[in-house]
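See structure below.
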Amino acid sequence: MAPARRHAGDRARPPCGGFHRRNDRPLCRLGASAGLQLVRTQARDSMNYFKLLLDRIKAELESLQAAGALPSGLDFKAVSLDPPKDPRHGDVATNAAMVLAGPAKMKPRDIATALAARLTGYDDTDAAEVAGPGFINLRLKPSFWTARLSEALRAGDAYGHSDVGNAKGPVNVEYVSANPTGPMHVGHARGAVFGDALASLLEFTGHDVTREYYINDAGAQVDVLARSAYMRYREALGDSIGEIPSGLYPGEYLRDVGEGLVELYKNRFHNAPESEWLQPFREFAIAEMMGEIRDDLELLGVRHGVFTSERALVKEGKVDVALGDLRAKGLVYQGVLDPPKGKEPEDWEPREQMLFRATQFGDDTDRPVQKSDGSWTYFATDIAYHADKVRRGFRTLIDVWGADHGGYVKRVEAAVRAVSGGKAELDVKLCQLVKLMERGEPVKMSKRAGTFVTLKDVVDRVGKDVVRFIMLTRRNDAQLDFDFAVVTEESRENPVFYVQYAHARCHSVMRNAAKETSGIDISPESLAQAELSRLTHPDELALMRAIASWPRSVEAAAEAHEPHRIAFWLRELAATFHTLWNRGKEEEALRFLVDADPTLTRARLALVRACALGLSVGLKIIGVTPVEELR
RNA sequence: GCGCCCGUAGCUCAGUGGAUUAGAGCACUGGCCUCCGAAGCCAGGGGUCGCAGGUUCGAGUCCUGCCGGGCGCGCCA
């Protein structure tokens with residue numbers, strides 16, 4: 001298995017392609033963040049209706065205090081508002097009475113009754129019922145939901161956008177970071193999509209995000225790459241090289257590199273010793289591989305803003321500096337590790353080496369930072385790399401890795417704590433395996449047999465949008481089956497299709513409206529003025545609720561660093577819409593376009609428009625192009 | 001052996017800082033197209049949330065142990 005260390009990818013033939021030739025500029029920054037072209041809005045109130053109602057509840061609690069019905073000096077922090085599991089319990093439920101009962105030295109039900117009485121007084125509230133041990137279940141009137149609908153329409157493409165991330169400082173999302181030794185495979189695609197979607201999600205919630213790729217161009221593997229390229233170089237010069245020796249990369253993809261080397265150097269290194277060609281060949285091959293990786297990432301619509309070269313990091317002495325700092329703090333020392341517990345390797349010998357005190361920061365054992373030849377270990381450069389991120393001002397670091405690097409998490413987390421003095425936090429997101437399937441049968445992959453499925457193969461076959469969506473239909477830490485048959489199917493089983501279909505249907509309605517019903521302005525701004533009180537059917541309300549849940553869902557997904565929630569939310573909204581659509585087939589009065597009643601039609605178009613808006617905003621965050629027509 | 005992740009309906013999986021009677025899709029059964037896109041929708045059955053303890057007024061959710069699966073485990077990246 002290729003030692004691809006992290007997953008994910010991104011691309012575009014480098015405007016900053018010269019990173020490994022110009023050591024003076026290891027970092028290239030392309031300002032543009034890919035994906036969303038979001039309207040930057042002024043500080044805006046959150047449209048999260050849970051927050052809105054929570055504020056209301058806290059205000060009423062204060063009124064109760066002012067009235068002497070509740071002791072003063074209570075902390076309302078634990079008061080929360082959530083959707084009840086059972087819809088029959090109303091629209092939202094608060095635990096206020098229960099969490100305050102203790103501190104207030106009152107019975108939960110007494111607090112609940114008093115609070116409920118006040119909450120009933122609002123125009124948009126139908127009922128506030130005390131239930132169970134002291135919950136207050138709120139039932140909201142349609143006017144509450146139409147107000148949310150109107151907000152959504154007025155917000156347009158910025159619906160759900162918020163500033164909650166502003167306060168958290170710059171965030172660095174490092175993803176893909178595939179080794180520049182060969183083409184990317186499906187596993188990389190998952191990391192690429194995950195990282196990119198997460199970055200977009202964070203941007204959408206007001207975070208200052210940098211998308212970063214770490215180029216692992218300093219290890220022994222890139223020497224292997226250079227030697228492999230040398231074989232292909234000789235091959236291109238007409239030598240009969242036979243089978244690629246084991247230990248080198250046999251891939252056909254290096255033939256182009258060999259030819260490129262001939263073009264560049266002619267036969268200059270044909271019979272030269274390795275010491276002469278290793279470095280130039282390495283640089284050339286790495287540049288070529290990174291070019292391919294960037295091209296592949298471009299296919300997926302993934303673009304990083306910053307590429308950091310490991311080799312440059314070392315050359316600039318950043319590792320020496322970082323380790324020197326740690327040494328000065330007494331966090332690096334010469335020592336001998338205990339053998340791994342339980343299973344002792346046969347060739348185990350106690351060995352004195354330079355160690356980082358990872359145990360002081362939550363790791364299980366201290367970790368070596370220097371090899372016996374005096375060069376730094378991979379971990380040492382990683383310490384320096386993360387120290388550099390901290391130095392650049394990031395306080396939240398997110399690394400997206402393949403699950404096979406799980407054993408590495410603790411030590412890097414420890415390193416980040418150590419180099420930042422606890423000021424920065426690292427969240428490592430591990431992406432589990434992707435299993436390629438064909439109608440339920442695993443697709444066999446073997447690099448040797450040439451049945452290796454690359455990222456490009458997959459994207460070429462099913463398209464960028466399908467790959468992106470499917471990669472987010474499972475949590476990152478769960479294995480994912482990617483079935484070629486299913487993901488190209490046009491049925492409910494295929495979530496990409498299902499969501500796109502809902503979006504297309506919305507636009508179909510609007511197209512018909514523009515065509516058949518003259519004089520209706522279907523722009524969101526105009527529809528926000530529609531007489532939304534005409535929307536009263538339970539399924540219409542259900543759709544309004546689904547749309548209204550967006551701001552809270554985005555915030556929660558961003559906070560949890562879980563972009564898959566966006567994909568789930570989209571399916572939910574699509575399902576709610578399909579239900580309402582079909583209601584119109586059963587009952588003609590529920591169709592969206594009612595010729596005899598333009599006012600009603602306008603209100604329903606507002607609902608459809610907002611639904612399309614929700615679907616498209618969500619799709620854009622995960623990098624899927626919303627389509628207005630399927631065919 | 002140690003560490004991390006996972007274990008929810010026959011299958012694949014959600015479950016939002018613990019809270020009122022645990023959800024969806026698939027599969028299975030039965031319905032819905034002279035009608036805005038039936039590529040869709042509706043209805044029905046189906047679960048000791050791996051097991052055992054613990055914390056709590058309350059645990060799928062937090063803690064401990066065990067069982068099962070995945071990944072990793074000193075100068076590889």
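Chain A is the first sequence line, chain B the second, and so forth, proteins listed ahead of strands; every chain is numbered from 1.
Partner assigned to B:U55 is none, using Watson-Crick or G-U wobble distances below 3.5 angstrom. The partner of B:G17 is absent, by the rule that a Watson-Crick or G-U pair needs both atom distances under 3.5 Å. Base pairing of B:A38 is not made with any nucleotide, judged by Watson-Crick or G-U wobble geometry with both donor-acceptor distances under 3.5 Å. Of the nucleotides present, B:C67 is the one that pairs with B:G7 by Watson-Crick or G-U wobble criteria, both distances under 3.5 Å. Across every strand in view, B:C76 sits unpaired, with no contact that passes the Watson-Crick or G-U test at under 3.5 angstrom. Look at B:A24: its Watson-Crick or wobble partner, with both distances under 3.5 angstrom, is B:U12. Remark: B:C33 base-pairs with no nucleotide; criterion is Watson-Crick or G-U wobble with both hydrogen-bond distances under 3.5 Å. The partner of B:G46, taking Watson-Crick or G-U wobble pairs whose two distances both stay under 3.5 Å, does not exist in any strand shown.
Judged by atom type and distance alone, A:R351 reaches the base of B:G74 through a side-chain donor-acceptor pair under 3.5 Å. Side-chain atoms of A:N137 and base atoms of B:U20 include a donor and an acceptor less than 3.5 Å apart. Donor-acceptor pairing under 3.5 Å, judged by distance alone, is present between the side chain of A:R552 and the base of B:U16.
For the pair A:K410 and A:E413, the salt-bridge criterion is not met [side-chain N within less than 4.0 Å of a carboxylate O]. Ion pairing between a basic and an acidic side chain is recognised when a charged N comes within 4.0 Å of a carboxylate O; A:E540 and A:R604 show such pairing. Salt-bridge formation is detected for the pair A:D82/A:R552: a Lys NZ or Arg NE/NH1/NH2 atom is positioned less than 4.0 Å from an Asp or Glu carboxylate oxygen. Checked for salt-bridge contact, A:D477 and A:R475 meet the test: a charged N lies under 4.0 Å from a carboxylate O.
Listed nucleotides: B:G37, B:C71, B:C6. Nearest to the side chain of A:R475: B:C6. The side chain of A:K410 approaches B:G3 more closely than any other nucleotide in the set B:G15, B:G3, B:U20. For A:K585, the side-chain atoms get nearest to B:C36 when compared with the rest of B:G15, B:C75, B:C36.
Atom P of B:U61 sits at a distance of 11 Å from the matching atom of B:U16, rounded to the whole Å.
Counting any heavy atom pair closer than 4.0 Å across all strands shown, A:L630 reaches a base atom. When heavy atoms are screened at a 4.0 angstrom cut-off, A:M354 is found touching no nucleic acid atom at all. No engagement by A:F379 is indicated, since no non-hydrogen atom pair under 4.0 Å with the nucleic acid exists. Across all strands shown, A:E489 has no heavy atoms under 4.0 Å from either base or sugar-phosphate atoms. A:P84 comes within 4.0 angstrom of a nucleotide base, judged by non-hydrogen atoms across all strands. A:R591 comes within contact range of at least one nucleobase, with a heavy-atom separation under 4.0 Å. Note on A:A93: a base of the nucleic acid sits closer than 4.0 angstrom, heavy atoms only. Nucleic acid contact class of A:P83 (heavy atoms, under 4.0 Å, all strands): base.
No side-chain donor-acceptor contact under 3.5 Å links A:N216 and A:Q221. In summary, the side chains of A:D217 and A:S309 do present a donor paired with an acceptor at a separation below 3.5 Å, with no hydrogens or angles considered. Between the side chains of A:Y333 and A:D366, at least one donor N or O sits under 3.5 Å from an acceptor N or O.
Mapping A:E352 and A:V99 onto RNA chain B by nearest heavy atom places A:V99 at the nucleotide closer to the 5' end.
Only A:H578, A:T579, A:W581, A:N582, listed by number, bring a heavy atom of residues 574-583 of chain A to less than 4.0 angstrom from any atom of RNA chain B.
Between A:H405 and B:G70 there is no side-chain polar atom (N or O) within less than 4.0 angstrom of OP1 or OP2.
Rounded to an integer number of Å, the gap from A:E562 CD to B:C5 C1' is 14 Å.
Contact record, A:C506 with A:A612: CB-CB, 3.7 Å, taken as the closest heavy-atom pair.
Remark: A:R367 fails to qualify as a cation-pi partner of A:F379 under the 6.0 Å distance and 45° angle criteria applied to the six-membered ring.
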